[in-house]
Amino acid sequence: MLLKSSLIRAVSQTKGVITRGYKAKAKKIPEFTQDRYQVSRKSFAAVTDSDVSQFEKTIGSKYVVTDSEELLTHNVDFLKAVRGNSKVVLKPGSTEELSQIMKYCYEKNLAVCPQGGNTGLVGGSVPVFDEIVISLNRMNKIHSIDEMTGIAVADSGVILENLEKSANEHGLVVPLDLGAKASCHIGGNVSTNAGGLRVIRYGSLHGSVLGVESVLANGTVLDLMSNFKKDNTGYHLKHMFIGSEGTLGIISKLAILCPPAPRAFHVAFVGLPSFDAVLQTYLSAKRQLGEILSSCEMMDKDALAAAIQHFGLKAPIDDYPFYMLLETSGSNADHDQEKFNSFLENGMEAGHIVDGTITGDPGKMQEIWKLRELVPVALIEDGYCFKYDISLPLRQFYEIVPVMQERCGSLAHRVCGYGHLGDSNLHLNISCSEFTPEIYKRIEPYVFEYTSKLKGSVSAEHGIGFLKTKYLSYTKADNAIDMMKEVKNLMDPKGILNPYKVLPLN
Ligand code: FAD
Ligand code: 2HG
Ligand code: ZN
């Protein structure tokens with residue numbers, strides 16, 4: 001039935017910027033990665049008491065962690081999918097200390113695993129064996145935020161939400177926003193080239209990050225900081241560190257270009273009858289909302305059901321097969337709302353949007369955002385969750401979800417799809433009560449073969465980490481992987497930086 005536009009529930013509108021956070025419940029500790037995934041340890045040295053004493057001299061004993069309880073939090077990832085067996089976590093307080101640690105590790109052939117907020121979803125942030133964890137937690141100073149240029153200079157361990165708050169105080173926003181913002185580090189974000197909820201507006205970090213300072217495998221500090229958007233002086237080495245997941249160097253500091261904070265935000269949550277209607281709505285959003293569109297997210301009914309079930313949320317509209325969350329941000333609230341309303345009315349008249357709610361009230365916008373942002377965590381609450389962040393051609397974007405529902409059958413608790421439609425990035429999540437080899441084999445490598453046939457990407461935004469090394473070749477050509485190996489060899493000849501990650505193991 002075609003519903004009238006008056007059914008769009010418009011609620012009061014005020015200006016404001018939303019902040020979000022989450023806390024995950026404790027879950028079962030996984031078995032060791034080396035056992036679950038049958039990996040062989042490379043011939044790195046093992047940490048000795050004399051190494052620990054040396055580290056204590058370099059950074060102070062307080063920042064050399066050997067306590068087993070604290071070690072566990074650094075050895076296990078957020079997903080509870082992988083578990084390393086590191087015996088020591090180091091927390092340097094400056095680039096100089098980090099450099100000294102790396103120089104020592106290089107000389108002694110000790111492998112290291114750089115770690116930011118440990119929110120990564122591909123097993124890259126924790127050791128596979130006994131690599132030394134280098135936590136960037138203490139390197140958390142914001143050096144400067146320049147209102148005039150919009151450039152923020154920060155240590156890599158600054159928590160994204162903290163950088164965002166400081167940027168807001170200067171009338172700016174960080175051009176990156178994701179559900180893990182309360183825990184992830186800006187250095188972790190850059191190292192993974194994180195995408196998130198605003199790529200449609202601000203583009204990828206390859207564009208926003210102006211410069212980085214990086215500590216190389218042998219302790220050399222490479223200064224690639226820059227204060228300019230335009231700088232065509234030869235090879236752009238900074239890009240090597242954006243998205244290389246700690247395998248080429250450890251980012252210690254960076255400069256990021258922050259755009260002016262929009263003055264008016266609006267969020268709509270709409271229900272749609274089919275995936276085709278989702279696509280049509282996306283097309284209309286691009287055409288009709290244009291420059292003010294800042295997020296275009298979709299989720300299916302099972303994804304929403306997970307958030308509602310585990311976090312006691314309430315959906316603002318009735319049940320539909322698909323939902324979209326659209327956000328606009330601009331400089332004129334009246335103009336934006338008028339545009340948004342007319343886009344929604346047109347969508348309803350065309351029968352693409354069946355029901356919806358729109359708000360500019362900060363509290364209500366936050367409630368709507370929770371429906372989307374808590375989905376990833378809710379699915380982990382089901383027990384165990386296999387997570388895939390694939391890029392797929394838009395027309396075939398959702399087809400894999402029913403295919404996997406069929407393939408997993410009763411082995412899965414939920415097979416659902418959601419994600420950054422505006423970036424062709426689907427999050428296929430398959431939850432079950434616990435990890436079993438049986439369901440794992442049903443899913444992999446099938447998901448990646450399917451993605452590869454459609455010429456998609458096996459990682460749209462989370463990276464390769466440990467969990468996807470086997471599948472890099474499903475997206476990257478052999479000679480490209482060979483060149484990646486040469487680069488790795490040049491920059492880290494002993495292979496001590498985050499081994500067993502990104503590049504195929506064999
Ligand atoms: P970590 O998890 O600690 O590390 C990630 C990788 O970067 C590891 O390989 C690590 O070795 C390396 N690394 C970390 N810091 C450094 C450094 N200073 N120098 C060199 N290497 C380093 N990701 C997205 O892209 N988009 C999303 O929308 C998104 N949403 C998420 C929502 C939730 C609820 C969760 C749990 C995760 C989400 N993620 C998302 C994944 C994750 O948050 C990102 O990958 C994030 O960028 C990781 O940052 P981190 O500081 O936690 O890094
Ligand atoms: C998101 O977009 C994140 O919410 C996490 O990238 C996706 O958990 C996932 O699969
Ligand atoms: Zn995502």
Side-chain angles (χ1 to χ4, degrees), residues 6-24 159-184 196-198 200-201 259-271 285 289 292-299 303-320 323-341 343-344 353 355-378 381 418 420:
S6 57
L7 276 178
I8 292 269
R9 289 181 278 265
V11 282
S12 68
Q13 178 210 317
T14 51
K15 292 169 193 154
V17 179
I18 46 179
T19 52
R20 307 178 275 276
Y22 69 88
K23 281 268 180 294
I159 290 175
L160 177 58
E161 192 167 64
N162 294 345
L163 186 60
E164 174 69 14
K165 279 184 192 151
S166 298
N168 290 169
E169 282 161 18
H170 291 80
L172 303 167
V173 282
V174 180
L176 168 80
D177 188 12
L178 55 156
K181 72 194 285 178
S183 309
C184 63
L197 305 159
R198 300 263 162 70
I200 194 167
R201 163 65 69 90
R263 296 212 197 107
F265 282 90
H266 291 88
V267 170
F269 191 75
V270 299
L289 299 174
I292 59 168
L293 182 64
S294 49
S295 260
C296 185
E297 299 287 313
M298 67 75 65
M299 66 182 111
L304 181 66
I308 289 177
Q309 182 193 329
H310 290 293
F311 293 101
L313 306 177
K314 208 174 151 353
I317 56 176
D318 291 337
D319 294 347
Y320 298 97
Y323 301 92
M324 285 176 80
L325 189 160
L326 297 125
E327 182 194 77
T328 61
S329 46
S331 55
N332 183 326
D334 292 339
H335 160 271
D336 294 358
Q337 187 161 19
E338 200 180 307
K339 249 182 147 173
F340 214 167
N341 281 342
F343 153 76
L344 292 168
I353 296 174
D355 194 1
T357 178
I358 174 172
T359 181
D361 175 83
K364 289 182 176 132
M365 289 193 289
Q366 200 170 341
E367 288 307 303
I368 291 180
W369 265 115
K370 273 191 197 162
L371 296 168
R372 162 63 183 88
E373 286 190 292
L374 287 173
V375 170
V377 193
E381 294 297 316
Y418 60 98
H420 317 292

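This is a predicted model, so every value here is computed, not measured.
Taking CD1 of Ile200 as the reference point, atom CD of Glu297 lies at 8.5 Å (rounded to 0.5 Å). One finds the NZ atom of Lys181 at 10.5 Å from the CG atom of Leu163 (value rounded to the nearest 0.5 Å). Going from atom CG of Leu160 over to atom CG of Leu176 covers 5.0 Å, rounded to the nearest 0.5 Å. Here Leu344 contributes atom CG and Thr357 contributes atom OG1; the two are 9.5 Å apart, rounded to the nearest 0.5 Å. Separation of atoms OG (Ser166) and CG (Leu172) is listed at 10.5 Å; rounding is to 0.5 Å. Rounding to the nearest 0.5 Å gives a distance of 7.5 Å between CD1 of Ile368 and CZ of Phe269.
Across all non-hydrogen atoms, the minimal contact from Cys296 to Met324 is SG-CE, 3.7 Å. Taking each heavy atom of Phe343 and Leu326 in turn, the nearest pair found is CE2-CD1, 4.0 Å. Annotation for Val375 and Met299: closest pair CG2-SD, 4.0 Å, computed over non-hydrogen atoms. Scanning both residues, Val267 and Trp369, for their nearest heavy atoms gives CG2-NE1, 3.7 Å. In terms of heavy-atom proximity, Ala303 sits nearest to Tyr418 at CB-CD2, 4.0 Å. Scanning all heavy atoms of the two residues, the minimum distance from Leu371 to Pro316 falls at CD1-CD, 3.4 Å.
In this structure, Glu367 does not pair ionically with Lys364, as no charged nitrogen and carboxylate oxygen lie closer than 4.0 Å.
Asp355 places no side-chain N or O within 3.5 Å of a backbone atom of Ile317 that could act as its donor or acceptor partner. Side-chain atoms of Arg201 come within 3.5 Å of backbone N or O of Ser329 as a donor-acceptor pair.
Looking at Leu325 and Leu197, their side chains never come closer than 4.5 Å, going by heavy atoms from C-beta outward. The shortest distance between side-chain heavy atoms of Val173 and Glu164 falls below 4.5 Å. By the 4.5 Å heavy-atom criterion applied to side chains, Phe265 and Met365 are counted as neighbours. In this structure, the side chains of Lys339 and Thr328 stay at 4.5 Å or more apart for every pair of heavy atoms.
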Subject >> Candidate pair Glu327 and His266, rule side chain to side chain donor-acceptor pair (under 3.5 Å), full reasoning >> reply: CA-CA 6 Å; Glu327 182 194 77; His266 291 88; over 6 Å; no

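Taking a 6.0 Å sphere around CD of Glu338, one finds it holds 12 or fewer heavy atoms contributed by other residues, nucleotides or ligands.
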